[in-house]
Amino acid sequence: MPRRKKGTAVNNVSDGALTLVSGQVAGALRQAILSSRLRPGSRLRQEELAEEYGASRIPVREALRTLESEGLVILVPNSGAWVARLDQEECIEIYKIREQLEPLALRESTPNLPDQCVEHLASLAEAIETAEDIDTFLRLDREFHILSYQGAAMPRLLQMIETYWNSTQHYRRAFAIVAGGNAMSAVRHEHALIVDSIARRDGEQASLLLYGHIRRTRLELQSHRDIFT
């Protein structure tokens, strides 16, 4: 009989369903990392993960490789796996890439977003204004930005952006922790300006605002070197 633990929904299956099971395990682990249930630097033991998710070690190993390709996990040959730690050089590089990719996606998306999506973006911006804890802020912030790109008919670009969002989750959490009240107020103000530009279907203005939005976060993180130690 397949094993199940703690209500998880991933069970042992035949080898023919390896891809499906590894995808389920990867999804569960990804969520645990992005929500910080698994913290940066945490050891990931294949035997324990197999027991927790009721799977064999083979799909667990494949899931870890998938998450390594996303920058969420570090695999060390003959040693083991760990949740990726904060790395300053990586942070700066990825944020500089995001500064170029995401404004492009927003510029392409803005003319094509349905009115109901624009309305939802406005409601998300308002919800972010009143977010009372970091987890809520991070969840709403991610939903806001990913939704704003959905009008771009550029699936490869959107996939790249989502991968970079996954691999920078720890950095956004660090930013939310170290940023002062003025910095967070600026974040919320920028969201409102971006929504206004999208509502006016001004993709150029929206993309310029987004570039500054991402760049300011990078500069804030660069000024707090202590979080990378």
Side-chain angles (χ1 to χ4, degrees), residues 23 26-27 30-31 33-35 66-67 69-72 90-131 134-176 179 183-222:
R30 185 184 297 109
Q31 180 58 36
I33 293 171
L34 296 181
S35 66
T66 296
L67 297 179
S69 71
E70 297 177 5
L72 295 176
E90 177 191 70
C91 174
I92 294 171
E93 178 182 1
I94 293 179
Y95 266 86
K96 286 183 176 179
I97 294 171
R98 288 184 56 204
E99 287 167 21
Q100 303 302 316
L101 294 185
E102 293 183 41
L104 169 61
L106 186 58
R107 185 166 58 249
E108 294 290 322
S109 173
T110 295
N112 304 318
L113 280 174
D115 290 341
Q116 59 266 34
C117 283
V118 180
E119 293 171 3
H120 189 43
L121 286 170
S123 66
L124 286 170
E126 292 178 1
I128 290 170
E129 285 269 2
T130 58
I134 290 175
D135 287 328
T136 301
F137 168 79
L138 292 173
R139 175 177 56 80
L140 295 172
D141 183 63
R142 179 189 179 100
E143 184 179 355
F144 174 87
H145 286 288
I146 296 299
L147 176 61
S148 73
Y149 308 144
Q150 295 311 298
M154 305 177 73
R156 294 172 184 82
L157 175 62
L158 297 183
Q159 181 59 53
M160 292 171 63
I161 288 172
E162 185 164 359
T163 296
Y164 284 128
W165 266 80
N166 287 345
S167 61
T168 56
Q169 177 74 1
H170 300 324
Y171 303 127
R172 288 195 303 283
R173 181 177 292 275
F175 171 79
M184 294 307 295
S185 177
V187 167
R188 297 180 176 102
H189 182 61
E190 287 161 358
H191 284 161
L193 291 174
I194 289 171
V195 171
D196 179 69
S197 296
I198 293 173
R200 291 185 286 103
R201 306 301 177 176
D202 188 344
E204 288 296 330
Q205 180 65 26
S207 68
L208 289 172
L209 289 165
L210 181 62
Y211 170 80
H213 183 68
I214 299 171
R215 181 176 182 274
R216 193 174 51 74
T217 301
R218 171 174 61 83
L219 294 175
E220 183 74 22
L221 286 168
Q222 283 182 240

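Starting from 1, each residue takes its place in the sequence as its number.
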Can you tell if the side chain of [X] reaches within under 4.5 Å of the side chain of [Y], non-hydrogen atoms only?
X	Y	answer
H145	H213	yes
R216	E190	yes
L138	R142	no
W165	D141	yes
L147	C117	yes

From [X] [atom1] over to [Y] [atom2], what is the distance, rounded to the nearest 0.5 angstrom?
X	Y	atom1	atom2	answer
D135	L140	CG	CG	10.5 Å
L106	L209	CG	CG	9.0 Å
I161	N166	CD1	CG	12.0 Å
E99	L104	CD	CG	14.0 Å
L101	L158	CG	CG	10.5 Å
R218	I94	CZ	CD1	13.0 Å

Polar side chain donor-acceptor pair, Q169 to R172, under 3.5 angstrom: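 The criterion, which ignores hydrogens and geometry beyond distance, is satisfied for R172 and Q169.
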Treating [X] as the side-chain partner and [Y] as the backbone partner, does any N or O pair qualify as donor plus acceptor under 3.5 Å?
X	Y	result
R30	L72	no
S109	S148	yes
S167	Y164	yes

Testing the basics here: between [X] and [Y], what is the closest heavy-atom pair and its distance to 0.1 Å?
X	Y	result
T110	A206	OG1-CB, 4.2 Å
N112	G151	ND2-O, 3.1 Å
A105	A152	O-CB, 3.6 Å
A131	T136	CB-CG2, 4.1 Å

Tell me, please, which residues at least two apart from A125 pass side-chain contact (heavy atoms from CB on, under 4.5 Å). F144, H191, V195
For R201, enumerate each residue passing the side-chain contact (heavy atoms from CB on, under 4.5 Å) test, keeping only those at least two apart in sequence or located in another chain. L113, D115, V118
Is atom CZ of R215 surrounded by more than 12 heavy atoms (other residues, nucleotides or ligands) closer than 6.0 Å? no
In terms of heavy-atom contacts, does CD of E93 have more than 12 from other residues, nucleotides or ligands at under 6.0 Å? no
